[in-house]
Every structure is written in C-alpha cells, then in structure tokens.
Amino acid sequence: MEKKEQELPDFVVRQTGAAYGVGAFIIASAVVLLVLEIRYHMKEIPVWIYCIIAGIFLLGVWVWMEACNRRPAVRGRIFSYRSAIGRNSSFTLEEIGHGKAAYHASKGRDYLCLYSKEGKTLCRLECSMQNASRLVWYLHDSRIPMELEQGAEGFAGDILNQRPVAEEEMKKLSGQVYGRMQTLTGKWQERNENLGAGFVYGFACYFRGKMKETAWIEPEESRFFQTGGIPGGTEGNKTGKKEKELLPEDYLCRLELYVEKEGHTVQDRRGRLVRLEVPVLYRRKSDAGDKVSRLYYNGGWEREMEEGLYWLGNYLPGHKFVLVQEPLEYRLEKSL
C-alpha cells in the first residue's frame, strides 16, 4: 500500500468535463447528419457531403481523444506527459528552461507551454484545464521563468505577481504600500470631489483559518494586532528560551479601506460598512518539492485596489447610505 501511494502523482492537469461533452456532441452531430443523409438522400449524392460529415466525425474523435489522453502528471520533480494520441514521455523539473502562457480563448490563444533549455517543446496545455493554475504555482515556486502574452495577465500574471519575501521586508513593503495608497485615494477624491467622501484605510492581520468567508466583518478571534506582538509558534534554543516570534502558518494581512463622510462611517441600507479589501502579505505552503510555508507579497494589490476604487466611483452616486457615528471595531495599522 505504501509503495502504491508513493507512485501516485501529486496532481494531474486534465481537461474539464466540458471537453468530453463537446467531443460527444460533435460525434453525435456527425452521426445524425449521416442518418439524415441516408434517410432523405437524393438519387445522386455528392461525394463532398460525405467528406464534410467524415471531417466533423473525425474532429469530434480528436476532441474526445484530447480530453481522454492529453495530460501531464506531476510527482515530486518528475513530469509524466501523455499526448493526445496516447504517446507517453517524461522529463524532470531541471530540464525545463522556461514556460509561456496566454489566456485569450476568443482569439484562440488559451495555452500553456513548457520548453526545455534547448528550446524544445516539452508539453502544451490549455490554461482552462483543471489544475493548470496549480501547475503555474508549482513552476513559480520552483523559480522557473514564465513568459506572458497579452491576455494572460489575469491568469498566470496574477500568480507571478505573488512574490516570496522575507519577514524582515514587511516593514519596508508596508510603508511603500501605505504611501502609494495615499496617492491613489488623493487622486480619487480629486476626481470625485462632488461626493464629499473620504476614506479610512490601513492594514489588518488575520488567522486565515479562523476567518469566515461569508462574514462581512471577520470575527474577533480571527484578528490580531501585529504591532502588539505576533502570535503563533516560537523559535528557541535547547533550553526552551524564547528567541523569536513567528508569523502563524495561516497568516494573512489585508489592506482595508472604509468609506467615511463628515467624520462618520458609511453603511449601506443593509447595515454593512462600505469597504474594499485586498490581500497584501500572506503565508502559503509552497507547491514546490520542499512544501515549505513561505511569506508572499501580492504585487498585484495596486491594480486590484484601483479597480475597487473605480467601482466605488460608480457605485456611490447611485445608492443611498446611512452615516454612523460608531468607530470601527478594530484599528487599522499604518505599517507592520
């Protein structure tokens, strides 16, 4: 049993169920056309009609074969790749020179390719396949260079913007983020001066495992004040003496922004505070072979916040709100 478990792949990138459905639909369409042609055919049947039906049928067979066969399986640092025609090959992580991704299905550019250091194509996949994002994470954590074509920013680009950092960088990064945030909110208020709206924003830290996804405001037990000490494990010497506090394994730091007006916080008609939130720093377990839990910096936070502020500029004028004198239940930090 242990030997079989060791042989199982860590994950497999494969087509979704929709690919099987498309293949079956094309095959069925070709069969229906052939039956109708035989049933209602004319005295002289042009050969090209049968050629078209055969072409449709073969296309469906190809789509079905791709859905059934084409997939890479990743186990440790070894890739086992099976092509659409069932041909098997394997390569290691060290053999990969770089990857290339494009995600623009409407233009026929939904693909993810891996190349060897000599430029040879090792495998070609679709970004829409199951576990394709996990594969990109695996390559990113393993320091494999990735090229992005226009349109891939929302797929591989979002992952590549997640940069591993050291805990010592947190103070500097948070200062840069807060300073940039001041610029963004200042420009927004200039553009939307007629709204008379202001903002309260800063960093809030959480135990991600204790957060509730459906909660509008996270429960008290999921938050902690980083400037007042970082809870979690500790590093110590053989005597058990505490030397260094560590970030918790499920650490998450968000940049949160709340709308205020005339010194009052703004709530919608359901009693919810109007806010934006973007993750800035967090810990996650690496998908690389070491499986180490690393601290990551979300390099795409500014784009996400700009999109949120743009949404606020369109949302606030068309809705009614309530001004509340109650302060926030917790403080937002300016730096970490």
Side-chain angles (χ1 to χ4, degrees), residues 5-14 71-81 90-101 103 112-117 122-123 125 127 129-148 152-174 177 205-211 213 226 230-235 244-254 278-301 304 336:
E5 289 180 353
Q6 291 176 356
E7 293 175 353
L8 292 175
D10 296 336
F11 63 93
V12 179
V13 182
R14 60 181 54 153
R71 63 188 61 182
V74 181
R75 181 168 59 87
R77 306 177 75 82
I78 300 175
F79 289 70
S80 300
Y81 177 64
S90 62
F91 53 92
T92 64
L93 181 66
E94 288 72 20
E95 294 180 58
I96 302 176
H98 69 282
K100 189 174 183 180
Y103 192 81
L112 174 62
C113 296
L114 299 183
Y115 301 92
S116 68
K117 294 178 180 178
L122 297 174
C123 68
L125 314 164
C127 300
M129 295 172 72
Q130 294 179 6
N131 285 330
S133 59
R134 185 172 179 182
L135 176 59
V136 176
W137 264 115
Y138 175 89
L139 298 171
H140 182 48
D141 288 338
S142 302
R143 308 293 195 272
I144 300 297
M146 290 290 296
E147 299 177 16
L148 299 179
E153 293 85 355
F155 169 66
D158 287 344
I159 296 175
L160 300 183
N161 275 328
Q162 312 304 305
R163 176 167 60 89
V165 295
E167 294 183 20
E168 292 76 16
E169 300 179 66
M170 294 175 63
K171 184 174 182 180
K172 178 181 178 181
L173 287 172
S174 62
V177 170
C205 301
Y206 297 91
F207 297 99
R208 186 161 42 188
K210 296 182 180 180
M211 297 174 70
E213 295 182 1
Q226 185 162 319
I230 302 173
T234 58
E235 289 182 350
K244 181 182 178 182
E245 291 182 328
L246 300 176
L247 293 172
E249 290 291 317
D250 57 348
Y251 173 78
L252 170 65
C253 173
R254 294 193 313 210
V278 175
V280 176
L281 291 158
Y282 60 93
R283 289 192 69 174
R284 65 177 292 273
K285 187 169 289 187
S286 168
D287 279 325
D290 51 16
K291 302 296 182 184
V292 175
S293 180
R294 296 191 178 112
L295 178 67
Y296 283 83
Y297 167 69
N298 177 19
W301 74 267
E304 295 179 42
L336 302 175

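Hydrogens, waters and symmetry mates play no part in the numbers below; they use all other heavy atoms, side chains included.
Looking at heavy atoms from C-beta onward, Glu167 lies in side-chain contact with Met170 at the 4.5 angstrom threshold. Between Ile96 and Ser116 there is no side-chain heavy-atom pair separated by less than 4.5 Å. Using a 4.5 Å heavy-atom threshold, the side chains of Val74 and Tyr138 count as touching. Side-chain contact between Tyr297 and Asn161 is absent, with no heavy atoms from C-beta onward closer than 4.5 Å.
To the nearest 0.5 angstrom, Ile144 atom CD1 is 11.0 Å from His98 atom NE2. With values rounded to the nearest 0.5 angstrom, Ser286 atom OG is found 9.0 Å from Trp137 atom CH2. Between the OH atom of Tyr296 and the CD atom of Gln162 there is a distance of 9.0 Å, given to the nearest 0.5 Å. Taking OH from Tyr251 and SG from Cys205, the interatomic distance works out to 3.5 Å, rounded to the nearest 0.5 Å. Atom CG of Leu135 sits about 7.0 Å away from atom SG of Cys123, to the nearest 0.5 Å.
Taking Asp141 as the reference, Arg284 meet the salt bridge (charged side-chain N to carboxylate O under 4.0 Å, His left out) condition, with sequence neighbours excluded. Listed by chain and residue number, Arg283 satisfy the salt bridge (charged side-chain N to carboxylate O under 4.0 Å, His left out) test with Glu249 (two or more places apart in sequence, or in another chain). Listed by chain and number, the residues in a side chain to side chain contact (heavy atoms under 4.5 Å, CB included) with Arg134 are Phe11, Asn131, Asp287 (sequence neighbours excluded). Applying the side chain to side chain contact (heavy atoms under 4.5 Å, CB included) test to Leu160 and every residue at least two apart in sequence or in another chain returns His140, Met146, Leu148. Listed by chain and residue number, Lys291 satisfy the side chain to side chain contact (heavy atoms under 4.5 Å, CB included) test with Lys285 (two or more places apart in sequence, or in another chain). For Arg14, the side chain to side chain contact (heavy atoms under 4.5 Å, CB included) partners two or more places apart in sequence, or in a different chain, are Val12, Arg71, Gln130.
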(Q) side chain to side chain contact (heavy atoms under 4.5 Å, CB included) for Arg208 and Tyr282? Distances and angles first, verdict last. (A) CA-CA 9 Å; Arg208 186 161 42 188; Tyr282 60 93; 4.1 Å; yes

Q: Applying side chain to side chain contact (heavy atoms under 4.5 Å, CB included), run through Leu281 and Asn298 and close with a yes or a no.
A: CA-CA 6 Å; Leu281 291 158; Asn298 177 19; over 6 Å; no

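Using a 30° and 60° split on the angle between ring planes, Phe91 and Phe79 fall in the parallel class, below 30°.
Counting all heavy atoms, side chain and backbone alike, Met129 lies closest to Leu125 at SD-CB, 3.8 Å. Of all the heavy atoms in Glu304 and Pro279, the pair that sits closest is OE1-CD, 4.3 Å. The two atoms that bring Gly97 and Pro145 nearest to each other are O-CD, 3.5 Å, heavy atoms only. The two residues Leu114 and Gly99 have their closest heavy-atom pair at CD2-CA, 4.2 Å. Of all heavy-atom pairs between Lys210 and Asp250, the closest is N-OD2, 4.4 Å. Scanning all heavy atoms of the two residues, the minimum distance from Ala132 to Leu112 falls at O-CD2, 4.3 Å.
A donor-acceptor pair is defined here as one N or O able to donate and one able to accept, closer than 3.5 Å; such a pair exists between the side chain of Ser174 and the backbone of Leu336.
A salt bridge links Glu94 with Arg77; the closest basic N to acidic carboxylate O contact falls under 4.0 Å.
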